[in-house]
Amino acid sequence: MSVNVLAAVLVVAALVMPNSVVRLGPEKFLRIPGEAVIGAALMLALPRRPRIVLAAVSGVALGAMTVLNLLDMGFNQYLGRSFNLVLDWSLLGDAESYLEDSLGRTATLAAAGGVIALVLLLFVLLALSTVRLSNLLARHTGTATRGTLIAGVVWITCSSLGLQISGVPLASDRTASAVKIQARRVADTLRDEAEFQKVAKVDAFGNTPAAQLVPDLRGKDMIFTFIESYGRSAIEDPIMAPGVDSTLDARTKALAKAGYHAKSGWLTSATYGGSSWLGHSTTLSGLWINNQQRYRTVMASDHLSLTKAFKKTGAWDTVGVMPGVQKAWPEQSFYGLDKVYNAFELGYKGPKFSWSTMPDQYALEQFQQRVHGRKHDKPMMSELILTSSHQPWAPIPKMVGWDQLGDGSIFKGIQAAGNKPADVIADTTKSREEYGKSIQYSVTALTEWLERYGTDDTVLVFLGDHQPIARVSGNHASRDVPISIVAKDPKVLDKLADWNWTDGLRPAHDAPVWKMSAFRDKFLTAYGSTPHPKKG
């Protein structure tokens, strides 16, 4: 009897389980699943062999839906969206790499093995449970038939009257609804790809002659920098904001003393909690790239990225500094970068800081030595991706004397003395506190670099790629990220007068908010580019 009860509890729990951590609660499992009523009726009507086959297949299918629900939970918790059955399998490999960088290979292999074993066990247990319950129904046909009819009447009554417990409907069709949602999501994804291919072929500046692209920035050393996970929450959340805001204000004053001024606003990112490359590509392409398929489509196209616009003019040499890139990076062509320095080309001999291959301060010093500080025939257009504020925010680098950086060995002691990733990952409050500190570090490193090495012709554009994970930013946080443009030449910022951005590095709460995909065209237009549309 106890085994039968456990089988029934397992099946019912799988049928009514929500797909979001914030929706978990005992009331969610005290519901009547309509799928169970229909399934019982089918089992009672079938002969033995078809009944067992259907029961086993139903158990496996329920296992698959449970796995998808769990994936939805994880994606909602970390990326602020549900799992996409078509596009997101590749991200599981990225998650494994992230865990390996944060917790080590042994712990990651153990975790991966444990997850695989649990998934297989779930499939087996649900299949055995549904078969066992179907046999139980067959042995007690009369009682089972009456019970199924009563359950059906109760379900219909609860559904018709909208009866609830703690605000949750008693009549559940959770699994049937989830199947519909997944099917609709797959269809929408396939349709979206076909439509997006047409959108990506249209480009307001696709046929603009070189001489008519960013003429008002000629002679400037342009630097576009993305700060990992630098989101609105860092500036407005009560736990992170005091430290971050203090840093932004102090760095605004320090830059002003060095002759630099800034204007700041907000952009709504195309991604959340991760998948940074979607934020990078959305900002620089002017297209809304919110999934992996769109990203692949754009990277394979000749759509004009903002960085490639500088290359197209012939007036700039272009370079990328990408300490997070550790393998071949074909996207270099789309971004129009003549040279890219990856994690292995910056001479770093120090320790990794979890996922981040090197501290931002070191990467910036190498940018100075290898690119910005060298004599060159043309001004430079550079794209930098800073990684020290990448989760799990442990350990976090500390600023050292710029003249002491050397090959990065100085960071060995700092890394060893820092927090352990496992301690921070498991503590939400600690994660929020350490996240804020990591943003303070990255902003300080970048602005100190500018204060130390910038020239009259240096123009810095820096922004976040996305908000941090929901556990840090909150389950209802916006997708907004800060963006700042910093320059010494007042004419550069004068061009943005009608943007109504906030003076300084900290955007006001009511500063304008644009979609991230709007930035490319607004930037090109502000600095004198003439639209010559390319139509698909």
Side-chain angles (χ1 to χ4, degrees), residues 203-226 267 277 279-287 289 298-299 301-322 325 329-341 364 367-368 370-386 446 449-450 453-463 465 483-489 491-493 495-496 516-534:
D203 189 345
F205 292 91
N207 288 327
T208 299
Q212 296 178 26
L213 285 168
V214 288
D216 297 340
L217 289 173
R218 299 301 163 101
K220 302 298 183 185
D221 282 320
M222 295 298 307
I223 304 170
F224 293 92
T225 303
F226 291 91
L267 299 179
W277 55 93
H280 304 163
S281 54
T282 296
T283 303
L284 299 177
S285 71
L287 295 168
I289 306 175
V298 172
M299 289 302 115
S301 74
D302 61 353
H303 196 88
L304 185 69
S305 66
L306 179 55
T307 44
K308 185 181 278 187
F310 286 87
K311 178 180 174 63
K312 183 178 177 180
T313 66
W316 280 270
D317 289 330
T318 60
V319 68
V321 177
M322 313 283 182
V325 172
W329 197 62
E331 289 92 333
Q332 176 178 347
S333 175
F334 175 79
Y335 290 116
L337 303 175
D338 299 320
K339 165 68 178 174
V340 169
Y341 291 93
L364 288 161
F367 168 60
Q368 176 63 23
R370 298 170 187 267
V371 182
H372 187 265
R374 291 192 172 186
K375 292 183 179 180
H376 29 72
D377 296 332
K378 300 177 182 177
M380 299 296 302
M381 190 295 302
S382 308
E383 181 185 354
L384 281 66
I385 310 296
L386 300 182
L446 178 60
W449 173 89
L450 182 61
Y453 294 121
T455 71
D456 291 349
D457 291 322
T458 303
V459 178
L460 172 65
V461 180
F462 75 93
L463 66 153
D465 45 22
I483 179 169
S484 299
I485 298 180
V486 191
K488 186 172 285 189
D489 183 350
K491 294 178 182 177
V492 173
L493 297 184
K495 298 289 183 180
L496 315 180
M516 191 175 262
S517 53
F519 179 73
R520 187 204 70 159
D521 286 8
K522 287 181 178 291
F523 185 90
L524 289 174
T525 300
Y527 292 105
S529 306
T530 306
H532 285 270
K534 175 183 177 183

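This chain uses plain numbering: 1 for the first residue, then up along the sequence.
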Does the side chain of [X] reach to within under 4.5 Å of the side chain of [Y], using non-hydrogen atoms?
| X | Y | result |
| --- | --- | --- |
| Ser517 | Leu287 | no |
| Ile385 | Trp277 | no |
| Ser382 | Val371 | yes |
| His303 | Phe334 | yes |
| Thr225 | Leu460 | yes |
| Leu384 | Leu364 | yes |
| Met516 | Leu463 | yes |

Do side-chain atoms of [X] reach the backbone of [Y] as a donor and acceptor pair under 3.5 angstrom?
| X | Y | answer |
| --- | --- | --- |
| Thr282 | Ile289 | yes |
| Lys495 | Thr525 | no |
| Tyr341 | Val319 | no |
| Asp221 | Met380 | yes |

How long is the span from the [atom1] atom in [X] to the [atom2] atom in [Y], to the nearest 0.5 Å?
| X | Y | atom1 | atom2 | value |
| --- | --- | --- | --- | --- |
| Phe519 | Leu267 | CZ | CG | 7.0 Å |
| Glu383 | Ser305 | CD | OG | 8.0 Å |
| Leu524 | Phe205 | CG | CZ | 5.0 Å |
| Thr307 | Leu284 | OG1 | CG | 5.0 Å |
| Leu386 | Met322 | CG | CE | 10.5 Å |
| Gln332 | Met299 | CD | CE | 12.5 Å |

- Could you tell me how the ring of Trp449 sits relative to the ring of His372: parallel (under 30°), tilted (30 to 60°) or perpendicular (over 60°)?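 Trp449 vs His372 ring planes: perpendicular.
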
- Yes or no on side chain to side chain contact (heavy atoms under 4.5 Å, CB included) for Phe523 and Leu496, after CA distance, side-chain angles and deciding distance? CA-CA 9 Å; Phe523 185 90; Leu496 315 180; 5.8 Å; no

- Can Arg520 and Asp203 be counted as an ion pair, charged N to O under 4.0 angstrom? yes

Ignoring hydrogens, what is the shortest heavy-atom contact between [X] and [Y]? Give both atom names and the distance.
| X | Y | answer |
| --- | --- | --- |
| Gly320 | Leu337 | CA-CD1, 4.0 Å |
| Ala526 | Asp216 | O-OD2, 4.0 Å |
| Trp316 | Gly219 | CZ2-N, 4.3 Å |
| Arg218 | Thr313 | NH2-CG2, 3.7 Å |
| Thr530 | Thr208 | O-OG1, 2.7 Å |
| Pro379 | Lys220 | CB-O, 3.4 Å |

- Message: Please tell me whether Phe310 and Phe224 form a close aromatic pair, meaning their ring centres lie under 6.0 Å apart.
- Response: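 Ring-ring flag for Phe310/Phe224: true, centres closer than 6.0 Å.
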
- Task: State which residue, out of Thr458, Thr455, Ile223, fulfils the side chain to side chain contact (heavy atoms under 4.5 Å, CB included) condition with Leu450.
- Result: Thr458

